[in-house]
Every structure is written in structure tokens, then in C-alpha cells.
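Residue numbering restarts at 1 for every chain, and letters A, B, ... go by the order of the sequence lines.
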Protein chains: 2
Amino acid sequence: MRDSAPDCSIARALEIIGDRWTILILRDAFRGIRRFDEFRRDLDIARPVLADRLRKLVDHGILQKVRYQDHPPRDEYRLTPMGRELSPALVALMRWGDTYLNDGAPPTVLIHDACGAALEQGFWCPQCRRTFSPRQIASRPGPGTSPDGRSDPTDSAHGGQRAHTH
Amino acid sequence: MRDSAPDCSIARALEIIGDRWTILILRDAFRGIRRFDEFRRDLDIARPVLADRLRKLVDHGILQKVRYQDHPPRDEYRLTPMGRELSPALVALMRWGDTYLNDGAPPTVLIHDACGAALEQGFWCPQCRRTFSPRQIASRPGPGTSPDGRSDPTDSAHGGQRAHTH
DNA sequence: CGACTGAGTTCGGATTCCGAACTAAGGTCC
DNA sequence: GGACCTTAGTTCGGAATCCGAACTCAGTCG
């Protein structure tokens, strides 16, 4: 990308994790994978690519190297809090893939242990105490830079949320 | 990627949208951008790359070409319902970027027009009628294929959700 | 007619990716 | 102590991808 400092959060995020391998590495990290060769075997990724991606993730504070044994000195890669906060994005991607690319196989659901109900992921208004499906808010996820606020004809069904910059 | 039919939804999703340009195109689509040259100018993307990505998005049913005028026959690209369902993933990415990559600038928030409150994105248990922050569920976003369920030491703070395959 | 617009395609050079092979540091077995 | 193993990388050259410039093509405007 030519522009190294875009003013859009999505673009900035993609400069760091906008690479298929990087996202798959993070997926594995969420699954509990931590060591170089575990990543390599699980992903079937070339070593140089893996080393490069891990280094960048560490540089950006998404993973950190933690020594797990001293005698052959060995480090493992763990998610930092910043890295763990990427989970909504990965979960959203997984749910989308489950829904649309799964060939009818049962999707993965997240179960709330305390009550056994399936957790939903969505937008929640703490004041009205209700959720909104993505469909209802999809047309306006952000103010962006669209200058005119041209309305979206596919929008007619939605419930009236709008995005503002804080 | 060598494996053309991975059994992981995230990997399958990334085969379609796991490309920085593709995600930026979708971001623009959510902002209301629809036409070839609008995308090209906004993203400063090379024409062949844009044409290729748009074609793939149409092939996969994420965008559709819609004729918006007959006289010079012109088509525009619109999100399908399948495409619109990607918004949680993009929003999650934006929020993460806002939080961690924003150099102190105010983050974008989503406002619920009906009441003015800031919408949250998170996991919601419809039975308990409450949300959980990403932090509370971050360590176990899916059952994955990790064979042993090795527990995560960084897990101790989380609230007790667990992921199951439906 | 001639210029212009929107939506692409073709082509070649530059960049980036990636797989095979190699390196390195330490441990284990006998 | 030597052979071999494990883990974690690096080097290097070919292959894939990217991207800018130029071209195409259909249709409209003046």
C-alpha cells in the first residue's frame, strides 16, 4: 500500500493484520497454539513467512515472546491483551463463514456455560436494552468520508441507527 | 494457499476476502461507494486489481452488479445480503483499530438514533439478557481442532463461557 | 466529427511471496 | 564423544502477484 498512514482504522488495522497468514496465525493463537513449529505444522506455512509474520505481530504488540524453558532456551508466542481484543473480528469472520460457506454443516456456536443458551454476537443498545442484527445496521457502519450521506436504497428495512464520530 | 477446502470457516472466509484490497473495497461498499471509478479513486488502486477483486466478489455472491442506467449501460456494485452480513467483522476491525492504532484520536462510535446511546458490539446471552465483553470470551472463540483443551493461563479472568460445536 | 466518460483489458517491469535447503544451539542416547 | 534429534530460525532463487501506463470499447455531448 502506498499510503502508510491512512486515516481509516480499518486500513490501519489491515496494514498490520491484513494478510491471510497473519489472520490464520491469530486464529491458531486463539486456539491455544503458541510455538513456532506448532504454527508451522498446523498451518503448513513456509518457515520464512511464519518467522516474518510472528516478528511483525510481536513488533506491533499483538503477540509477545515468553520464555517457557531455559535449558534449551525456548520462547513461545502468546496473545497480548491487544491481541485478545481481536477476537470479535475473528469470531465475526467465523460466523460469517459458518453461515455462508459451510455447505450445510452445522455452524459453530458459542454456548454460555452459565445457562446453556447460544450467545449471539451483535450490536447492543445499553439504554434500550436490546440487540440489533447486523442486517439492521449494516448499511452505515461508520461515518467514513462519504461526503454526501447519499442514502442506500437497500437500506429501507433497517431500524434507524446511524453512525457518528464521537 | 495450497489447501483449497479447509475445514475451518475462518480459512474459507479468508480465501474469499482475505486480501487487503478486498476488505478495503468492502469497507468502501459499506460507506456507499458503488461504481468502478469511485472505488478506484477512493482507494487509489490499480484498475486491473480492482476489476479482478470486484469480479471475485460478484462471483462469490458478496456484491452484485446492478444496472443503474440504460443509456450508456452502466452497472454498479452493491452489497448482497451475504455481503452485508460481513459488517460485524468490519466493525470489529474498525473498533480494534480505533482502540489500538488511533494515536489518541477519538474513536468512531455507533449511535442508536432512537435513543442516542452508543451501541456496543459484543456477545449477548438472550436468556440471561446481558452482554459479555470480548475480553471475557476472548480465550476460547471456538472449539477449533486443538485436541487437548489445554487451558490458557491468561484465561483466569474470564467469565465462564465456552464454545461448543452445535 | 471529435472529445469525453465510465468501465474495463493488455502488457511488461518491479515487488513480494514462498518453498527447499541450510544454519545454529542445545539436548539425548548409547 | 559422536550420531542424531528438536526447535527456531535465515538464505536464496524461482514463481506469483502487483501495479502503472497505455490501449480498447461503447455510448454521449457539443
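- Atom pair A/R67:CZ and D/dA8:C1' shows a separation of 12 Å (rounding to whole Å applied).
- A salt bridge is defined here as a Lys NZ or Arg NE, NH1 or NH2 lying under 4.0 Å from an Asp or Glu carboxylate O, and B/D28 with B/R31 meets this definition.
- Going from atom CZ of B/F36 over to atom P of D/dG27 covers 19 Å, rounded to whole Å.
- In the set D/dA22, C/dG26, C/dC18, the nucleotide with an atom closest to the side chain of B/R47 is D/dA22.
- For the atom pair CE (A/M82) and CG (A/L57), the distance works out to 9.5 Å, reported to the nearest 0.5 Å.
- In this model, the phosphate group of C/dG8 is approached by a side-chain N or O of B/K65 to a distance below 4.0 Å at OP1 or OP2.
- Listed candidates were C/dC11, D/dC18, D/dT7. Nearest to the side chain of B/P48 is C/dC11.
- B/I33 places its CD1 atom 14 Å from the P atom of C/dG6, with the value rounded to the nearest Å.
- The pair B/R34-B/D75 does not count as a salt bridge, with every side-chain nitrogen at least 4.0 angstrom from each carboxylate oxygen.
- When distances are taken from the side chain of A/A46 to each of C/dC18, C/dG26, C/dT9, the shortest belongs to C/dC18.
- Rounded to an integer number of Å, the gap from CG of B/L50 to P of D/dG20 is 12 Å.
- For A/W21, no side-chain nitrogen or oxygen approaches OP1 or OP2 of C/dC17 to under 4.0 Å.
- For the pair B/R20 CZ and D/dC18 P, the interatomic distance rounds to 10 Å; values are reported in whole Å.
- With rounding to whole Å, A/R40 atom CZ is found 10 Å from D/dT7 atom P.
- With DNA chain C read from its 5' end, the first of the two nearest nucleotides for B/A51 and B/R41 is the one closest to B/R41.
- Residue contacts for B/R53: at a heavy-atom cut-off of 4.0 Å it reaches the sugar-phosphate backbone alone, with no base atom in range.
- Nucleic acid contact for B/D70: none, since no nucleic acid atom lies under 4.0 Å from a heavy atom of the residue.
- Per the geometry, CD1 belonging to A/I45 stands 15 Å off C1' belonging to C/dA20, to the nearest Å.
- The side chain of A/R74 approaches D/dT6 more closely than any other nucleotide in the set D/dA26, D/dT6, C/dG8.
- Atom P of nucleotide C/dT16 and atom CG of B/D19 are separated by 15 Å, given to the nearest angstrom.
- Within the nucleic acid shown, B/Y77 comes within 4.0 Å of sugar-phosphate atoms alone, with no base atom in reach, counting heavy atoms only.
- Candidate nucleotides C/dA7, C/dG19, D/dC18 were compared by shortest atom distance to the side chain of B/Y68, and C/dA7 ranks first.
- Between A/D52 and A/R55, at least one side-chain nitrogen of the basic residue sits less than 4.0 Å from a carboxylate oxygen of the acidic one, meeting the salt-bridge criterion.
- Among the atoms of the strands shown, none is found under 4.0 Å from any heavy atom of A/D52.
- Using a 4.0 Å cut-off between a side-chain N of Lys or Arg and a carboxylate O of Asp or Glu, A/D98 and A/R95 do not qualify as a salt bridge.
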